[in-house]
Engineer: 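I'd like to ask some things about the structure below.
Values below: all heavy atoms of this structure, side chains included; hydrogens, waters and symmetry mates excluded. Protein chains get the first letters and strands the later ones, always in sequence-line order, with residue 1 at the start of each.
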Protein chains: 2
Amino acid sequence: MSDRRTQILDAAATLISERGFTSTSVDDVIKGAKLSGKSHFYHYFKSKEELGYEVLNRQFERFAERGLAILREPMIDPLERLNLFIDAVVALQSESGGRHGSPFGNLAAELADAHEGFRVRIEAVFERWASQIRSLLWEARPQLHDDVDAVRLSRFIIASLEGAVLMTRVKRDLSVLEGIAADLKRFIAMHVRDGTVMQLHRNLEDAGSSPHGIARSMSVPSMAG
Amino acid sequence: MSDRRTQILDAAATLISERGFTSTSVDDVIKGAKLSGKSHFYHYFKSKEELGYEVLNRQFERFAERGLAILREPMIDPLERLNLFIDAVVALQSESGGRHGSPFGNLAAELADAHEGFRVRIEAVFERWASQIRSLLWEARPQLHDDVDAVRLSRFIIASLEGAVLMTRVKRDLSVLEGIAADLKRFIAMHVRDGTVMQLHRNLEDAGSSPHGIARSMSVPSMAG
DNA sequence: TGCGCATAGGACCGTACGGTCCTAATATCT
DNA sequence: AGATATTAGGACCGTACGGTCCTATGCGCA
């Protein structure tokens, strides 16, 4: 596609993640993308709404490449992939110092009620995200308890990450996300069958802040045998 | 205070939770509160921003009365109080069919980056919320593992609830929140010392959707008993 | 009666917004 | 050289916004 288009998309993505969709004017986008005037912009996009949709698309693609892709790595143990994915979410947030939050969560909170077009597109984003996690859980099924509900667990993972990113943004403190990410890993580990020991990366072991290595308790609840 | 003021506050709260702060005009609020004109509104509030702050205050007070109050009930076991609180969050969302999400999360996503005044106020809301959970966890400390980090656990609870409420709004499906609430209870139960059996209300037992009563596995990690 | 105050209603202002339209300059291809 | 599309730049329009100001009506109270 035209170079200009992606230039506009990039500028818009930045502005929208900083100020939200409603508070980003097309004049701002024009300035950010260094276009010559309004007509130049409307040559590439038929409306601001249309621009918003494409920005959302691009941001999901970006997230799919840099985040979700990890969930499909064929050479790594599925449950370890899940941990790596959580780390990737933390890493992506770190790039902006956690200041901009999730592009999906932000748009969702801003527009889910008021704008049906955005709502269904964001719903689709969450659904595709959830479905990637579900297939990973399906793949990991031999290692998991029989009663693990993949639909629910995938939702829980997404919700806690989205909530964590939001709190991180409000508190301007990345350690909020880091702590929740570590706890989320423990929650996932809770679903692993007895006897299965999860592989952990060296650099993940100290993800927690508690002194006596919470990570060790990751080898599952207990019972049965 | 004047009846009119609360009338305005109520109308504004509704509109803001439906459309967000930016997309709610003071003319809309005037119409909603059936005021006679702009000057009438500006007689009670010096600016739209000021109105927003007071709406946020009121909404936190409401939440404190109807939600957080449960965390302080003196006659109930602390960990059971925590479960009841989670149920209360679900119940509060059910009132609107989950359509409006969290007033704090919504404002946070919309304004945390752009408007420092709102950001610090929302941060304070989360902090007060977290501190209530922390004191409850302190009270429950004899029942909890030694290595439970109250700061982290309280953040995790808030984040997963906020994320759940957001997803519920996007999917327009209350069962998303219900499932996450049930999973969150299981996560909390994971921190309870072996040998301690959590009391559960009858009406909480089937909070999950999985056929083989996940609720039963709430009796903590394991054995004992 | 007269004072102060909450209600009422509307004109007005400056600014910003999304979007359209029109005209030049520049580059590309025939 | 001439026709064609892309870039550039700006004037313009209707609407909506937050906010101010001014006037007039009803009200209780000294």
Engineer: Decide whether a cation-pi geometry holds between B:Arg186 and A:Phe187; the criteria are a distance under 6.0 Å from NZ or CZ to the six-membered ring centre and an angle within 45° of the ring axis.
Structural biologist: no
Engineer: Nearest whole angstrom, please: distance from the C1' of D:dA8 to the NE2 of A:His40.
Structural biologist: 8 Å
Engineer: Could you check how far CG of B:Leu51 sits from C1' of D:dG18, rounded to whole Å?
Structural biologist: 12 Å
Engineer: Taking CD1 from A:Ile30 and C1' from C:dA16, how many angstroms apart are they, rounded to a whole number?
Structural biologist: 14 Å
Engineer: The test is salt bridge (charged side-chain N to carboxylate O under 4.0 Å, His left out); show your working for A:Arg66 and A:Glu95 and say whether it passes.
Structural biologist: CA-CA 13 Å; A:Arg66 304 188 50 188; A:Glu95 287 178 13; 2.4 Å; yes
Engineer: Mapping A:Ser39 and A:Asp28 onto DNA chain C by nearest heavy atom, which one lands closer to the 5' end?
Structural biologist: A:Asp28
Engineer: Any N or O donor-acceptor pair linking the side chain of A:Ser25 to the base of C:dG18 at under 3.5 Å?
Structural biologist: no
Engineer: Given D:dA8, is OP1 or OP2 found less than 4.0 Å from the side-chain N or O atoms of A:Arg4?
Structural biologist: yes
Engineer: Does B:Lys48 have a side-chain nitrogen or oxygen under 4.0 Å from the phosphate oxygens OP1 or OP2 of D:dG18?
Structural biologist: yes
Engineer: Could you state the CZ-P distance from A:Phe45 to C:dG18, rounded to the nearest angstrom?
Structural biologist: 15 Å
Engineer: Nearest to the side chain of B:Ser36, which nucleotide is it out of C:dT20, D:dA8, C:dA8?
Structural biologist: C:dA8
Engineer: Send over the distance from A:Arg19 CZ to C:dC17 P, rounded to a whole Å.
Structural biologist: 9 Å
Engineer: Could you check whether A:Thr24 gets within reach of a base, just the sugar-phosphate, or nothing at all, counting any heavy atom under 4.0 Å?
Structural biologist: sugar-phosphate
Engineer: Considering only D:dG19, C:dT20, C:dA6, which nucleotide approaches the side chain of A:Tyr42 most closely?
Structural biologist: C:dT20
Engineer: B:Lys46 and side-chain contact (heavy atoms from CB on, under 4.5 Å): which partner among B:His43, B:Glu50, B:Glu49, B:Lys48?
Structural biologist: B:Glu50
Engineer: Tell me: NE2 of A:His43 to C1' of D:dG9, nearest whole Å?
Structural biologist: 15 Å
Engineer: Could you give the CZ-to-P distance, from A:Phe41 to C:dT20, as a whole number of Å?
Structural biologist: 11 Å
Engineer: Which of the following nucleotides, C:dG19, D:dG18, C:dA6, is nearest to the side chain of B:Val26?
Structural biologist: D:dG18
Engineer: Classify the ring geometry between A:Phe156 and B:Phe156 as parallel (under 30°), tilted (30 to 60°) or perpendicular (over 60°).
Structural biologist: tilted
Engineer: Step by step, would you call A:Val55 with A:Phe21 a side-chain contact (heavy atoms from CB on, under 4.5 Å)?
Structural biologist: CA-CA 10 Å; A:Val55 166; A:Phe21 179 74; over 6 Å; no
Engineer: Give the rounded distance in Å between these two atoms: NZ of A:Lys38 and P of D:dA11.
Structural biologist: 12 Å
